[in-house]
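It should be emphasised that the depicted structure is a prediction, and the values quoted were computed from it without experimental measurement. Start at 1 with the first residue, then count along the sequence.
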Amino acid sequence: FLFFFFLFHATLLPFFPHASIDQRCANGKRFANGTSASQLMMLAPRVHGFALLGEPGKFVSVSPKRFSELVVSSTMLSVVVHGSVGELVVVNVLMPSGGVQMYHVLIPAGGKDTLLVVA
């Protein structure tokens with residue numbers, strides 16, 4: 001049972017039609033170079049309580065170049081992880097219990113391995 005997934009990375013600003021851009025962007029905090037502070041929010045669908053959160057600390061934590069063949073059932077999540085031979089990929093998964101589990105996948109010869117997570 002294959003699920004396609006979408007993760008959205010976006011800078012989310014509250015919509016206040018009468019507020020200035022400074023008020024909408026981090027309550028007016030601006031830096032010397034003219035940029036404003038922002039926040040990054042990741043949205044991930046939960047299927048049977050699981051959510052693939054991907055690589056912590058990456059701007060794009062789930063990419064189709066890194067992850068493919070996502071399969072989710074009521075008892076497990078399976079995903080193929082791609083990378084360079086010998087690379088250690090850290091993957092976070094939100095569990096049905098609500099906790100986040102961190103997994104380490106060592107990429108073997110062939111450049112991919114399957115991560116199997118059981119609830």
Task: Straight-line distance of E69 CD to H82 NE2, nearest 0.5 Å - done: 6.0 Å

TODO: Measure the spacing between CG of L53 and CD of Q101 and express it to the nearest 0.5 Å.
DONE: 11.5 Å

If you take all heavy atoms of [X] and [Y], which pair is closest and at what distance?
X    : Y    : answer
A119 : F50  : CB-CZ, 3.7 Å
G83  : R66  : CA-NH1, 3.5 Å
V85  : G111 : CG2-N, 4.3 Å

TODO: For the pair M76 and V71, evaluate side chain to side chain contact (heavy atoms under 4.5 Å, CB included) and give the outcome as yes or no after the intermediate values.
DONE: CA-CA 8 Å; M76 67 90 188; V71 178; 3.9 Å; yes

Group every Ile, Leu, Val, Met, Phe, Trp and Tyr by side-chain heavy-atom contacts under 4.5 Å, then state whether [X] and [Y] land in the same group.
X    : Y   : result
L115 : V72 : yes
I107 : L70 : yes
V117 : F67 : yes
Y103 : L52 : yes

Open item on the list: If you apply the rule side chain to side chain contact (heavy atoms under 4.5 Å, CB included), what do you find for V89 with H104, and how did you get there?
Closed with: CA-CA 6 Å; V89 180; H104 295 84; over 6 Å; no

Open item on the list: Test your reading of the model: is there a side-chain donor-acceptor pair from R46 to the backbone of M95, 3.5 Å cut-off?
Closed with: yes

TODO: Could you go through the side chain to side chain contact (heavy atoms under 4.5 Å, CB included) check for L106 and D113 one step at a time?
DONE: CA-CA 8 Å; L106 183 61; D113 198 6; over 6 Å; no

